[in-house]
Undergrad: 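Please find one structure pasted underneath; my questions will follow.
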Number of protein chains: 2
Amino acid sequence: MANFSPPANVKAFEERLLEVSENLPKRLRQCADYVAANKDRIAVSTVAEMAEGAGVQPSAFMRFCQILGFSGFSEMQRLFRETYVGGWPDYSTRLLHLREKPEGSPSALLGEFVEAGRASIESLLSTVDPVALNEGANLLVAAGMIHIIGLGRSFSVATYVAYLFEKMEVPAVLHTSLGKLDNRHAIREGDALLAFTFAPYSAPTLELVEDVAARKIPIVAVTDSAIGPLAKFRPTTLLVSEIDFGAFRSPAATLCLATALAVIVGTAKSQRA
Amino acid sequence: MANFSPPANVKAFEERLLEVSENLPKRLRQCADYVAANKDRIAVSTVAEMAEGAGVQPSAFMRFCQILGFSGFSEMQRLFRETYVGGWPDYSTRLLHLREKPEGSPSALLGEFVEAGRASIESLLSTVDPVALNEGANLLVAAGMIHIIGLGRSFSVATYVAYLFEKMEVPAVLHTSLGKLDNRHAIREGDALLAFTFAPYSAPTLELVEDVAARKIPIVAVTDSAIGPLAKFRPTTLLVSEIDFGAFRSPAATLCLATALAVIVGTAKSQRA
DNA sequence: AGCAAAATAGAATATATGTTCCAAATCTGC
DNA sequence: GCAGATTTGGAACATATATTCTATTTTGCT
């Protein structure tokens, strides 16, 4: 009856839909029309809802799915749910895969990190709120001096941002707690703080943020959770979710975001001058 | 126990999440964290999937929904299903979209960096020689102490590798030339040097490599050219080509490679012990 | 118009999924 | 270190949802 291989992606799905919809009986054509106009609903609706939308019985919609090559509605829905959540479909299973054979060849391991990095970076586009990015950039552009903090895992990102600002001649200092000195009094009115912190959030960073927040100095936070310990200070928040690989994650996405932010600020500053 | 009016929109949901997440027991906090980082999944996942993602039992996730003010998961899911119909994070089209937007808008710029980062990372698989990766890893595993150097643009990567080695309890030191001190005599027989350097190659790094090479200490180099200034010392070379965007590049790919290398070495060392 | 084939509606059934409950484990204040 | 309160895991239960089946209607053909 139906073609036996179900479409593997949305593109194939659309082709099949087009190909099939030429000569279809009345009710099934209604299904095709409704689906074509409401592809985005497939992921979040039940058969009953789709059928009602198309003005047919659930059973008719069912047959429609089968004609498209799926075993049923569930299989069709799975396709859309997976593409909806984007680049990282069941990453946890792959992770398990590695745990089972920790002696994977080095290049296989590299491959895993490549995959994790790629997915993390792509997810930036959905986790970073464009409005917040804009706002954060403006705060930093307006600042007399940008103070950068990031310790532990975030230290490398902080150093890179400091490097970029220096190259672009943007006044910025990197706060390290080298020698347990925190130069919190170097942060003055008119400055801004750019903080990087991820779980487990390092205490000195949190303390500095708290201190600075109390003085009403603007804070831009790059972090991994909207409800993390920074949240109560209501900073401008840029969210990153790094995909971990085993216990490890490379801060590739964070770095990517940080670079973009630095360049945005740098070019804006130079245009103001 | 729970607030009785369920959040009516995503904004209210986020506020409630924040408000509630202050003092939450362990499992419920896991739920909060996972939800905060994966709001988009709520619409298309089952409780079981969400619970697994958060690393808790379905029943725990259930209670979490109720604490948020919903009658259960279904009611919470309904909120997201209704609001997310239409929005579709199809990354490739979204990227195109960003490109079309007026140039220089912050999120367009982020889009560019995302694209550059993704491409750089993917290219790793072809630029990094698996044999060299293996060899490099072996050299570092065999070393008594790993000395890490990377200055300027490479400093952030060097710090991250140092961080990872420390976490994995692998003996390693980061050479910073802080205060113009180069601790070259700390590098002794049986040790190895891991050097990161990219054009323009910083002088102190080259000097250190030269000194170390003369003493026949093994060197693993992560760099951008097989014929760069390091080539004459015949180190084990791992090649990275970062795609630049304008005058800027994020070292996302280098970081990815460095992380993979560190993890390979770390796991191999722990298995030997 | 009359017959065979295809299509459909609706009920019946199977399955997946959400939800609740309670005993066991853990935490907290004394 | 104990008693009470809180939190948790897992199984039992309820419900929603997908899927199939069959009698009935519609369609297409001669």
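Predicted, not measured: the structure shown is a model, and the values here were computed from it. Letters A, B, ... mirror the listed sequences (proteins, then strands); counts begin at 1.
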Undergrad: I need the CD1-P distance between B:Ile67 and C:dT19, as an integer number of Å.
TA: 15 Å
Undergrad: What pairs with A:Thr223 under side-chain contact (heavy atoms from CB on, under 4.5 Å), at least two apart in sequence or on another chain?
TA: A:Thr197, A:Tyr201, A:Thr237, A:Leu239
Undergrad: How would nucleotides 15-23 of chain D be written as a contact map, 5' to 3', with B for base contact, S for sugar-phosphate-only contact and - for no contact, using protein heavy atoms under 4.0 Å?
TA: --SSSB---
Undergrad: If I compare all heavy atoms of B:Leu124 with all of B:Ala253, which pair ends up nearest, and what's the gap?
TA: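 Closest heavy-atom pair between B:Leu124 and B:Ala253: CD1-O, 3.4 Å.
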Undergrad: B:Val20: which residues meet the side-chain contact (heavy atoms from CB on, under 4.5 Å) condition with it, sequence neighbours left out?
TA: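 So B:Val20 forms a side-chain contact (heavy atoms from CB on, under 4.5 Å) with B:Arg16, B:Leu24, B:Ile67, B:Leu68.
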Undergrad: Within this structure, what is the CG-to-C1' distance between B:Leu28 and D:dG9, rounded to whole angstrom?
TA: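 Interatomic distance, CG of B:Leu28 to C1' of D:dG9: 13 Å.
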Undergrad: For B:Arg63 and B:Gln66, test the side chains for any donor-to-acceptor distance below 3.5 angstrom and give the result as yes or no.
TA: no
Undergrad: Describe, as an angle rounded to 10 degrees, how the axis at the first end of the helix from C:dA1-D:dT30 to C:dC30-D:dG1 is tilted relative to the axis at the last end, five pairs per end.
TA: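 End axes: 40° apart.
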Undergrad: Give the rounded distance in Å between these two atoms: CZ of B:Phe64 and C1' of D:dT8.
TA: 16 Å
Undergrad: Just checking B:Phe80 against B:Phe13, ring centres under 6.0 Å apart?
TA: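 Yes, close enough.
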Undergrad: Apply side-chain contact (heavy atoms from CB on, under 4.5 Å) to B:Glu122 and list each qualifying residue two or more places apart in sequence or on a separate chain.
TA: A:Arg118, B:Arg118
Undergrad: Could you tell me the separation between the NZ atom of A:Lys26 and the P atom of C:dT8, rounded to a whole number of Å?
TA: 9 Å
Undergrad: Has B:Arg63 got a side-chain N or O lying under 4.0 Å from the OP1 or OP2 atom of D:dT8?
TA: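 For D:dT8, OP1/OP2 do have a side-chain N/O of B:Arg63 under 4.0 Å.
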Undergrad: Is it true that the side chains of A:Ser126 and A:Ser123 contain a donor and an acceptor less than 3.5 Å apart?
TA: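 Note: A:Ser126 and A:Ser123 side chains miss the donor-acceptor criterion.
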Undergrad: Would you please name every residue forming a side-chain contact (heavy atoms from CB on, under 4.5 Å) with B:Thr46, sequence neighbours left out?
TA: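 Result, side-chain contact (heavy atoms from CB on, under 4.5 Å) vs B:Thr46: B:Ala48, B:Glu49.
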Undergrad: Expressed as a whole number of angstroms, how long is the span from B:Leu24:CG to D:dT8:C1'?
TA: 13 Å
Undergrad: If I take atom CZ in residue B:Arg27 and atom C1' in nucleotide D:dT6, what distance separates them, rounded to the nearest angstrom?
TA: 15 Å
Undergrad: Ring centroids only, cut at 6.0 angstrom: are B:Tyr160 and A:Phe155 within range, meaning strictly under it?
TA: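 Ring centres of A:Phe155 and B:Tyr160 not closer than 6.0 Å.
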Undergrad: For A:Gln57 and C:dT8, is the shortest distance between a side-chain N/O and OP1 or OP2 below 4.0 Å?
TA: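 False: A:Gln57 side-chain N/O out of range (4.0 Å or more) of C:dT8 OP1/OP2.
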Undergrad: Rounded to whole Å, please give me the gap between CZ in B:Arg29 and P in D:dT7.
TA: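 B:Arg29 atom CZ is separated from D:dT7 atom P by 13 Å.
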